[in-house]
Each structure stands twice: as structure tokens, then as C-alpha cells.
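Written below as C-alpha cells is the structure these notes are about.
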Amino acid sequence: MQDTEQQRYASLGGDYFWLEGKRRLVWSLFQPHRDGASGDLDILDVGCGPGYSFAELSRWGTVVGLDPSQEVLSVCRRRQDQVSLLISG
């Protein structure tokens with residue numbers, strides 16, 4: 001994605017219909033595996049974007065976000081101060 005697209009994506013918010021649908025699909029696939037999680041998992045969120053999934057993921061452990069866009073990671077860092085972020089690419 002180009003930077004202007006990244007900015008637009010980050011500004012949509014976690015309630016945007018596409019992001020909400022994607023989140024529901026991911027959680028439904030993750031559900032059978034997360035029931036026994038005790039909060040001590042190491043979780044890598046690849047393509048984390050602005051970090052809309054961090055609040056949910058952090059219930060099960062330590063989250064590290066990975067994204068190729070420094071700009072979007074900056075947005076993520078402002079929203080989530082308790083996660084580690086890595087830039088890829």
C-alpha cells in the first residue's frame with residue numbers, strides 16, 4: 001500500500017465493516033485454540049497495521065506487531081503504548 005492508502009486505512013477505525021468482518025472471521029478460526037490460553041502466549045501480529053487487534057490479542061499474552069509501513073506503525077504506537085512494534089521490508 002502507498003502511504004496515502006495507509007493513512008486512509010488507519011483512519012477508518014476498528015468498526016469499519018470490512019475490518020469488523022475480517023476480525024470476526026479470524027476470531028472464529030482462533031477460538032478453538034484460544035480457550036486454554038492463560039495469558040502467557042507470545043503473539044506475533046503480522047501485518048498489524050494500526051493495531052486494531054491488539055486489545056483482543058493482549059488478553060492471551062504479549063503482542064508484537066510487524067508491518068512494512070513506518071507511518072502506520074507510528075499510528076499504532078500512538079494508539080497502543082504497551083506493545084512492541086517492528087518494521088519489515
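Source: prediction; values computed, not measured.
Note that the OG atom of Ser84 and the CZ atom of Arg77 stand 9.0 Å from one another [nearest 0.5 Å].
What you find for Leu57 and Ile43 is that their closest heavy atoms are O-CD1, 3.3 Å. Between Val75 and Pro50 the shortest heavy-atom distance is CG1-CB, 4.1 Å. Contact detail for Gly65 and Phe54: the closest heavy-atom pair is CA-CZ, 3.7 Å. Counting all heavy atoms, side chain and backbone alike, Cys48 lies closest to Asp67 at N-OD2, 3.5 Å.
For Thr62, the side chain to side chain contact (heavy atoms under 4.5 Å, CB included) partners are Asp42, not counting sequence neighbours. For Leu44, the side chain to side chain contact (heavy atoms under 4.5 Å, CB included) partners at least two apart in sequence or on another chain are Val46, Val64, Leu66.
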